[in-house]
Amino acid sequence: MAVKTLEDLLAEGVSGRRVLVRSDLNVPLDGSVITDDGRVRAALPTIKRLADAGAKVVVAAHLGRPKGTPEAKYSLRPVADRLGELLGTPVRLAGDVVGEQARAVVADLADGAVALLENVRFDPRETSKVADERAGLARDLAALTGEGGAFVSDGFGVVHRKQASVYDVARVLPAYAGGLVLAELDVLSRLTGDPQRPYVVVLGGSKVSDKLAVIEALLPKVDRLLIGGGMAFTFLAAQGHGVGASLLEQDYVETARKLLAEHADKIVVPTDVVVADSFAADAATDTVAAEAIPAGWMGLDIGPRTTEHFAAEVAAAKTVFWNGPAGVFEMAPFAAGTKGVAQAIADSGAFSVVGGGDSAAAVRVLGLPEEKFSHISTGGGASLEYLEGKELPGVAVLEGGA
Ligand SMILES: Nc1ncnc2c1ncn2[C@@H]1O[C@H](COP(=O)(O)OP(=O)(O)O)[C@@H](O)[C@H]1O
Ligand SMILES: O=C(OP(=O)(O)O)[C@H](O)COP(=O)(O)O
């Protein structure tokens, strides 16, 4: 990849310069408690290297999907605290993204110190579809760095987003690829060349509309596609089953029906499901056949028969990519499917990549042996789009394209 990298920037010398780093610090929270700090840890090396070299480091990141306006529950406060703990030195959180408070915090930064801007998605321009609006925020972000400013793109989990702090800012400031982005692309490239077969992809999770489109593109490349999590119900609906109150992408049912017909040998969908009468850990639950989901109930995990089937497919694989939990693993009654599939991947001996904030968190939170996975990626959607062969705007812009 013909891009300038963090190493090039360090070789130029960063002492006393303000360097804007885009990290993916989108961690799972329970209230204000971080339940898995994997993404903060993954962001550390780049931030630390810049700080150790005397840069004034300004980190930009998002949390969740706020609607372009500040909301206390999406504040990066817990992340700033955790980042400070891991760095061993406090990280000041600016009260806004590019406003007066951000300018004051950045102006105050000593060489080697680190500040975090408040959630970039509090500014509606971050995710705007209007290029000029995004460019406006990019210019404001660049202005924070002043003379000698530079941008390091290190948020791998967000490089598939054409957003101001990921894409547009790289067109305004001298831009460099961070170590995390480079390392992730390096590992994932092993899955795109000539993966050892059988090549099994396991999909799940809740970002159904994002990921359904990927399925179509992946099918020609894989030997088996196992579909669990929230996206399974669109396929069950396509088979003509009622899915009660489960997640459903109605607009995609017809496509799902077509894919099931054309790739019957590859697509594996659940045959049994754990259902609940509400989205709660203390809901009434039952395990039912996939064609017998009661009206008003929602499917929150794959059932034991499906877990066993998925595990057997994974056990036979030589290459596995997994994105998206098989169920709502954060609640104990709906964690068994995710745990069973993850354990099977860990035991498979295959070249295995787990991608995604929640999938990676599941591995750690459910106590699976991390070292038995070949790679735990910080990006779910980003990995999938890369495997699909799609251009990642946050990477293409570093290469001078997009
Ligand atoms: N059947 C389901 N219904 C609703 N949510 C689900 C279901 N299965 C999994 N989930 C949720 O999906 C979320 C993760 O989805 P996603 O963001 O797509 O994955 P990742 O972060 O690994 O890319 C988890 O919080 C999990 O609770
Ligand atoms: O959590 C993320 O992606 P992932 O769930 O696909 O791993 C990234 O932080 C991107 O977040 P977004 O999907 O709200 O743009």
Side-chain angles (χ1 to χ4, degrees), residues 22-30 35-36 38-40 42-43 61-67 74 79 119-121 126-127 155-163 165-167 184 202-212 214 227-236 243-249 270 273-276 278-281 283 290 293 297-303 306 321-338 341-342 353-366 376-386 392-394:
R22 179 50 158 109
S23 301
D24 181 359
L25 303 176
N26 189 21
V27 291
L29 288 174
D30 184 2
T35 52
D36 178 67
R39 277 184 168 154
V40 185
H62 74 282
L63 183 74
R65 292 177 170 179
K67 302 266 171 287
Y74 292 120
V79 173
N119 191 337
V120 276
R121 293 185 180 173
E126 169 70 1
T127 55
F156 176 71
V158 84
V159 288
H160 60 314
R161 303 291 183 211
K162 197 171 197 171
Q163 297 179 349
S165 69
V166 178
Y167 170 80
E184 294 266 24
V202 188
L203 289 181
S206 61
K207 292 181 180 171
V208 183
S209 56
D210 278 7
K211 292 174 186 174
L212 282 172
V214 177
I227 302 178
M231 68 176 64
F233 301 97
T234 301
F235 285 83
L236 295 181
V243 296
S246 311
L247 282 183
L248 174 65
E249 208 67 37
V273 181
V274 178
V275 292
S278 69
F279 191 83
I293 298 174
W297 287 53
M298 56 190 81
L300 296 183
D301 195 10
I302 56 174
T306 304
F321 177 79
W322 166 38
N323 168 253
V328 183
F329 74 93
E330 298 90 337
M331 300 180 198
F334 316 113
T338 303
V341 173
V353 177
V354 180
D358 292 297
S359 309
V363 168
R364 293 183 281 258
V365 170
L366 299 176
I376 299 185
S377 168
T378 54
S383 297
L384 280 172
E385 291 197 15
Y386 178 84
L392 302 172

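Computed from a predicted model, the values in this text were never measured in an experiment. For ligands, and for the atoms within them, numbers begin at 1 and follow the listed sequence.
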Among protein heavy atoms, which sits nearest to [atom], and what does the distance come to when rounded to 0.1 Å?
| atom | result |
| --- | --- |
| atom 5 (O) of ligand 2 | K207 NZ, 2.8 Å |
| atom 10 (C) of ligand 2 | G157 O, 3.5 Å |
| atom 6 (O) of ligand 2 | G381 N, 2.6 Å |
| atom 11 (O) of ligand 2 | H62 NE2, 3.3 Å |
| atom 25 (O) of ligand 1 | E330 OE2, 2.5 Å |

- Could you grab the distance from atom CZ of F233 to atom CG of L248, nearest 0.5 Å is fine? 10.0 Å
- May I ask you to identify, for Q163, whether its side chain, its backbone, both or neither come under 4.0 Å of ligand 2 on a heavy-atom basis?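 Neither part.
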- Message: If we set the cut-off at 4.0 Å for heavy atoms, which region of R39 has an atom near ligand 2: side chain, backbone, both, or neither?
- Response: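 R39 to ligand 2: side-chain contact only, backbone stays beyond 4.0 Å.
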At under 4.0 Å between heavy atoms, is it the side chain or the backbone of [X] that contacts ligand 1, or both, or neither?
| X | value |
| --- | --- |
| N323 | side chain |
| F334 | neither |
| D358 | both |

- Query: How about T234 and E249: does a side-chain donor come under 3.5 Å of a side-chain acceptor?
  - Reply: no
- Task: Ignoring hydrogens, just give me the one of A360, G230, G157, S377 whose non-hydrogen atom is nearest atom 7 (C) of ligand 1.
- Result: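 Comparing heavy atoms across A360, G230, G157, S377, the nearest one to atom 7 (C) of ligand 1 lies in G230.
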- Task: Looking only at distances, please establish whether an N/O atom of ligand 1 is found under 3.5 Å from an N/O atom of D301.
- Result: no
Counting each atom of ligand 1 from 1 as listed, which ones have a heavy atom of [X] under 4.0 Å away?
| X | value |
| --- | --- |
| F233 | 1 (N) |
| K211 | 16 (P), 18 (O), 19 (O), 20 (P), 23 (O) |
| G229 | 1 (N), 8 (N) |
| G299 | 1 (N), 2 (C), 3 (N) |

- Basic-acidic side-chain contact under 4.0 Å: R22, E126: yes
- Answer whether the closest heavy-atom distance between the side chains of V202 and F321 falls below 4.5 Å.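 The answer is no; the side chains never approach within 4.5 Å.
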- Per the side chain to side chain contact (heavy atoms under 4.5 Å, CB included) rule, which among R65, R121, R39 passes with N26?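 Single pass found, and it is R39.
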